[in-house]
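Scroll down for the structure; my scribbles are underneath it.
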Amino acid sequence: MGDPKGFMSTPRREWPRRPVEERVRDWDEVYVPGALLPIIGKQADRCMDCGIPFCHDACPLGNLIPEWNDLVSRDDWRAAADRLHATNNFPEFTGRLCPAPCEAGCVLAINQPAVTIKNVEVAVADRSWELGFVPPRPPDRLSGHTVAVVGSGPTGLAAAQQLTRAGHTVAVYEKDDRLGGLMRYGIPEFKMEKHHLDRRLDQMRAEGTKFRTATAVGVDVGAVELRARYDAVVVATGATAWRELPVPGRELAGIRQAMEYLPLANRVREGDLASSPMSAAGKHVVIVGGGDTGADCLGTAVRERAASVTQLDIYAQPGADRDDDAEPWPTYPKVYRLSAAHEEARDLRTAPAADADARLFAASTLRFEGDAEGHVRALHLVEVDAARSPRRGTERTLPADLVLLALGFSGPDRADGLVDQLGLAMEPRGTITRDASFATNVPGVFAAGDAARGQSLIVWAIAEGRAVAAAVDRHLTGSSQLPSPIGPFDRPMTV
């Protein structure tokens with residue numbers, strides 16, 4: 001422990017965000033540049049070096065949190081970088097994008113604000129790059145085995161890096177023109193600037209990983225042909241089959257899926273487009289879905305200068321504090337959280353009719369209404385109770401020129417033919433079936449990440465990538481020294 005009394009003497013301080021009026025005029029990350037390092041040492045001192053650190057268990061990666069907190073408090077950045085990267089291939093991603101279940105599991109969080117684990121993590125990650133502590137790590141010798149990884153999201157990249165470092169020849173196949181999956185085209189720039197992703201990809205190339213972009217397995221190259229070409233195949237395509245909203249008026253123009261909308265805004269940032277053909281500029285926008293994807297749409301629409309933006313959440317507004325009976329520590333609680341996008345919407349008053357910030361809670365869509373040209377113009381909703389039954393007399397109408405559906409994903413999109421060409425067995429809920437070793441019913445084919453687990457957090461995606469790499473290494477060589485942080489049937493802590 002850097003300071004045995006730090007958890008008592010030092011209050012929690014988080015990385016400050018830039019003023020709302022400033023940050024909504026650009027697409028840069030929302031935090032004040034350079035404001036984290038001056039506070040992070042004292043924040044690391046708040047870690048109590050618990051005898052049983054539940055933060056380890058709350059994080060599927062098994063991050064060695066008390067160890068690198070102590071090293072940061074002692075200003076030993078090199079050792080902290082080593083301990084952080086020992087369990088996490090991409091801490092600069094998780095430090096920005098993960099909702100931090102580790103903080104919910106922090107022992108200090110029983111009766112005080114948790115240690116700022118996520119902020120310490122991203123500080124170590126960024127400092128590691130600045131000081132040159134993350135050079136490429138190519139293998140000493142090649143195994144002679146070849147592996148194809150389908151998908152370049154966090155699962156695919158983690159699996160590819162681990163397998164490359166183990167000496168296998170790895171090629172990553174990505175259907176889009178750029179690498180990164182949803183980290184590239186689904187995550188807005190204001191949450192994670194893409195130079196963080198590009199820098200890590202350059203490291204992987206230097207280690208020997210090969211990348212094949214604009215190559216959809218099942219279309220541009222046959223899935224059976226790919227399987228025959230490699231000793232093993234890892235399917236890490238993610239869960240991209242979006243859920244629908246079957247209500248009257250769904251066929252109207254102007255009602256689009258979130259993952260049709262967000263990639264266009266990101267392509268503008270990449271320089272592919274001068275402006276998004278689906279831009280929210282000057283429009284009344286309604287986002288259906290209260291999760292992180294909906295919040296990403298919210299922040300994007302605000303920056304595109306929408307006339308108004310409202311987000312509908314079918315759940316009741318949660319309280320500010322953990323419900324110790326329903327969601328006791330150390331589970332991840334459902335509490336009221338104010339993301340950067342919601343803070344922006346609140347301060348700019350983008351949704352005058354909202355309950356809080358831009359959200360309408362306990363709200364369910366009844367139907368859409370359009371104009372004579374068949375374009376959506378209004379959304380009819382109703383308030384619902386805990387059982388999602390409508391409350392009589394609570395119907396209301398919101399103006400809507402653009403409706404974005406952010407209702408989650410059910411499993412891999414089968415339109416490209418990969419699943420069917422290989423003959424992969426599927427679960428009733430739409431994910432790929434696998435056994436305890438991540439293996440599918442097709443010999444030599446493994447499945448990992450959201451494609452098999454279902455939609456989850458980025459830390460689970462990276463943990464799956466590391467674990468499937470160990471399974472593939474064992475399949476190819478008979479044993480493996482690679483870490484396997486989780487099993488395919490592990491799940492987050494719940495009551």
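These values consider heavy atoms only, across backbone and side chains, with no hydrogens, waters or symmetry-generated copies.
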| note | Applied to residues 186-234, the ring pair (Phe, Tyr, Trp, His ring centres under 6.0 Å) test, sequence neighbours excluded, yields none
| His475: what forms a side-chain hydrogen bond (donor to acceptor under 3.5 Å, both in side chains) with it, not counting sequence neighbours? | none
| query | Among Leu404, Val286, Ile287, which one satisfies side chain to side chain contact (heavy atoms under 4.5 Å, CB included) with Val309? | reply | Ile287
| said: I need the full list of side chain to side chain donor-acceptor pair (under 3.5 Å) pairs touching residues 180-192, with sequence neighbours left out, sorted by first then second residue. | reply: Asp177-Tyr185, Arg178-Tyr185, Arg184-Asp198, Arg184-Glu270, Tyr185-Arg267, Lys191-Asp296
| task | Decide if atom CD of Gln481 counts as having more than 12 heavy atoms of other residues, nucleotides or ligands within a radius under 6.0 Å. | result | no
| said: If the condition is salt bridge (charged side-chain N to carboxylate O under 4.0 Å, His left out), which residues does Arg200 pass it with, not counting sequence neighbours? | reply: Glu92
| Has Lys283 got more than 12 heavy atoms of other residues, nucleotides or ligands less than 6.0 Å from its NZ? | yes
| If you count the non-hydrogen atoms of other residues, nucleotides and ligands that lie under 6.0 Å from OH in Tyr315, is the total more than 12? | no
| said: Could you check whether atom NZ of Lys194 has more than 12 heavy atoms from other residues, nucleotides or ligands sitting under 6.0 Å from it? | reply: yes
| Residues in side-chain contact (heavy atoms from CB on, under 4.5 Å) with Ala461, at least two apart? | Pro154, Thr155
| message | I'd like to check the side-chain hydrogen bond (donor to acceptor under 3.5 Å, both in side chains) partners of Ser437; sequence neighbours left out, ordered by chain and number. | response | Asp435
| message | Can you tell me which residue among Val147, Leu482, Val468 is in a side chain to side chain contact (heavy atoms under 4.5 Å, CB included) with Asp473? | response | Leu482
| With the threshold set at 4.0 Å, does a side-chain nitrogen-carboxylate oxygen contact exist between Glu327 and Lys334? | no
| said: With a 4.5 Å cut-off on side-chain heavy atoms, are Asp401 and Val285 touching? | reply: no
| Is the closest basic N to carboxylate O distance between Glu464 and Arg453 below 4.0 Å? | yes
| field | Basic-acidic side-chain contact under 4.0 Å: Asp371, Arg377 | value | yes
| said: Other residues, nucleotides and ligands only: do more than 12 of their heavy atoms fall within 6.0 Å of CG on Asp292? | reply: no
